[in-house]
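One structure is given here, and the rest of the page talks about it.
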Amino acid sequence: MNKKQTIGLVVAAGLFILTGVSSVLTNTLSQRALDESVKEALSMTGGIEFNAPKQDYIAVVNVIGTIQEQMETGIFDSEQSYRHVTTLEYIDKLINDPHNKGMLLYVDSPGGAVYESEELYQKLQEYKKKTKRPIWDYMAHYAASGGYMVSMPSDKIYANPNTTTGSIGVIMSGFDMTGLYEKLGMRYISITSGKNKDSSKMTDEQIEIYQSQVNECYEDFVKKVSDGRNMSVETVKSLADGRTYTAKQAKENGLIDEISLFDDMKADMSKELGIYEFYQPESKDNIFADLFLKASELVPKSEAQVLKETAEEQESGVLMYYAEQLR
């Protein structure tokens, strides 16, 4: 290769790199601008349109999926099935709408984080206290752990014949990665301000500390069930060892009121309240996210991705009202 050819290759390589960098920067800026435009367009109640009827109605509030923090999403990201902030804002709108005469809480959830479950529970209590309107609850596939807890403000609880519910309890889970580090020839090092700051190698004292936190949340959960179901704390604790219940078992133990199909429950609620109009806001569908989700599912995951996603699913170190066996 002569000198001119070498210089030509160097120049071509430089132009290629500059073009690539420019393309990445342009695409990133364009994506940000597009995301901001979409977020602005979907700003009404966090991506839903609140167009309640101008006549008396019963509002349907869905709690579907894991109860967790609502994450910001871009135009190409899929929305979470349960959107926490959106749901709280929706309930606020119902509180201030005189045409709303009651709430049908539709629960299809294995539970979730203690923090968000508590916020939703308190918001439902606020709705009852401020409006004096009834809340009826319907449990679909499952309403377990946090999904059961948020049902406690309800005046009546109906469950599908095949519902899985209960799982009254708290879990905090994580991974001990020391064995993996040893196999990989890695050494974990942490410099802390106190002996209990690092829990990567759990001591008996640390287990006792975390157990006290779990116990505190458990006692609070039991009290909510006791209040919501008008049962003694002792009775609730006899049922609250973390196990799940079928709809039949739940009714026999006083955890629910009726076993029914959804349409039959709606008919019962309409008859008692004298209102036959049901309303739930429409959700903005994200076509781009659906397309990219389908495309991403075709790409095989690396072992590192599988490990990362597994760790995230375990919510390492976070207090959870979650039905472990329903994962």
Side-chain angles (χ1 to χ4, degrees), residues 63-68 82 84 105-125 128 135-174 206-260 313-327:
V63 181
I64 300 175
T66 302
I67 302 170
Q68 60 186 330
Y82 170 72
H84 184 62
L105 187 66
Y106 183 93
V107 181
D108 196 350
S109 171
V114 165
Y115 186 94
E116 282 73 26
S117 297
E118 176 70 21
E119 278 201 327
L120 179 56
Y121 172 87
Q122 294 297 341
K123 182 58 68 175
L124 292 168
Q125 291 285 44
K128 285 191 67 176
I135 298 177
W136 285 34
D137 187 273
Y138 187 80
M139 298 176 172
H141 297 86
Y142 39 72
S145 205
Y148 183 72
M149 193 193 82
V150 300
S151 300
M152 290 304 94
S154 304
D155 299 282
K156 289 190 178 182
I157 298 179
Y158 282 64
N160 183 276
N162 296 303
T163 292
T164 298
T165 187
S167 189
I168 301 168
V170 188
I171 184 171
M172 178 186 286
S173 59
Q206 288 171 335
I207 291 174
E208 187 177 342
I209 290 170
Y210 289 123
Q211 184 64 57
S212 70
Q213 296 174 8
V214 168
N215 292 345
E216 182 179 315
C217 289
Y218 171 76
E219 293 292 338
D220 182 66
F221 195 163
V222 167
K223 181 65 165 59
K224 285 179 170 62
V225 177
S226 174
D227 292 341
R229 299 303 300 164
N230 194 27
M231 300 165 67
S232 69
V233 168
E234 291 72 23
T235 301
V236 175
K237 284 189 174 182
S238 70
L239 302 169
D241 60 2
R243 76 180 69 185
T244 57
Y245 295 92
T246 64
K248 183 179 178 181
Q249 291 169 341
K251 185 177 180 182
E252 289 172 351
N253 286 292
L255 297 176
I256 66 171
D257 298 302
E258 301 290 343
I259 299 174
S260 167
E313 287 175 3
Q314 293 294 324
E315 295 288 346
S316 181
V318 177
L319 287 165
M320 301 286 287
Y321 292 135
Y322 206 102
E324 184 71 15
Q325 60 268 50
L326 298 179
R327 287 185 185 276

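The structure displayed is predicted, hence computed values, not measured ones. Numbering of residues begins at 1 and proceeds along the displayed sequence.
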Under the criterion side-chain contact (heavy atoms from CB on, under 4.5 Å), I'd like the reasoning laid out for K128 against D155: C-alpha separation, chi angles, the key distance, then a yes or no. CA-CA 10 Å; K128 285 191 67 176; D155 299 282; 3.2 Å; yes
Hey, is the main chain of [Y] close enough, under 3.5 Å, to the side chain of [X] for a donor-acceptor pair?
| X | Y | answer |
| --- | --- | --- |
| Y245 | L239 | yes |
| Y218 | A240 | yes |
| S145 | G111 | no |
| T165 | A143 | yes |
| T163 | A140 | yes |
| K224 | M152 | no |
| D241 | R243 | yes |

Start with the C-alpha distance between H84 and V63, add both sets of side-chain angles, then the distance that settles side-chain contact (heavy atoms from CB on, under 4.5 Å), and finish with yes or no. CA-CA 9 Å; H84 184 62; V63 181; over 6 Å; no
For the student: nearest non-hydrogen atoms of [X] and [Y], plus distance:
| X | Y | result |
| --- | --- | --- |
| Y148 | V225 | CE2-CG2, 3.9 Å |
| P161 | I259 | CA-CG2, 3.6 Å |
| V107 | G147 | CG1-O, 3.5 Å |

Given M231 and K237, is the side-chain contact (heavy atoms from CB on, under 4.5 Å) satisfied, shown in steps? CA-CA 10 Å; M231 300 165 67; K237 284 189 174 182; over 6 Å; no
Quick one, T244 and Y142 - any side-chain contact, counting heavy atoms below 4.5 Å?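 T244 does not reach Y142 side chain to side chain.
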Neighbour count >12 (heavy atoms, 6.0 Å) for atom CD, Q213: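 Counting neighbours around CD of Q213, more than 12 heavy atoms of other residues, nucleotides or ligands fall under 6.0 Å, so yes.
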Does a sphere of radius 6.0 Å around CG in N230 hold more than 12 heavy atoms from other residues, nucleotides or ligands, not counting ones at 6.0 Å or beyond?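 No, because the 6.0 Å sphere around CG of N230 holds 12 heavy atoms or fewer from other groups.
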The criterion is side-chain hydrogen bond (donor to acceptor under 3.5 Å, both in side chains); which residues satisfy it with K248, sequence neighbours excluded?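 Once residues adjacent in sequence are excluded, K248 has no partner under the side-chain hydrogen bond (donor to acceptor under 3.5 Å, both in side chains) criterion.
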With sequence neighbours excluded, tell me which residues meet side-chain hydrogen bond (donor to acceptor under 3.5 Å, both in side chains) with T235.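 T235: side-chain hydrogen bond (donor to acceptor under 3.5 Å, both in side chains) contacts with S232.
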Kindly state each residue pair satisfying ring pair (Phe, Tyr, Trp, His ring centres under 6.0 Å) with at least one member in residues 150-172, sequence neighbours excluded.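 Counting only pairs at least two positions apart or across chains, the ring pair (Phe, Tyr, Trp, His ring centres under 6.0 Å) contacts touching residues 150-172 are W136-Y158.
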Between Q211 and N215, is there a side-chain donor-acceptor contact under 3.5 Å, judged purely by atom types and distance?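 N215 vs Q211: donor-acceptor pair found between side chains.
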Would Y121 and Q125 count as having a side-chain donor-acceptor pair, cut-off 3.5 Å?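 Judged by distance alone, the side chains do pair up.
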Test side-chain contact (heavy atoms from CB on, under 4.5 Å) applied to M139 and D108, T164, I256, the passing residue: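 Exactly one candidate clears the test, I256.
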Begin with the C-alpha distance, continue with both residues' side-chain angles, and end with the deciding distance and a verdict on side-chain contact (heavy atoms from CB on, under 4.5 Å) for V114 and F221. CA-CA 10 Å; V114 165; F221 195 163; over 6 Å; no
Nearest-0.5 Å distance, OG of residue S226 to CD of residue E219: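 Atom-to-atom, S226:OG and E219:CD are 11.0 Å apart.
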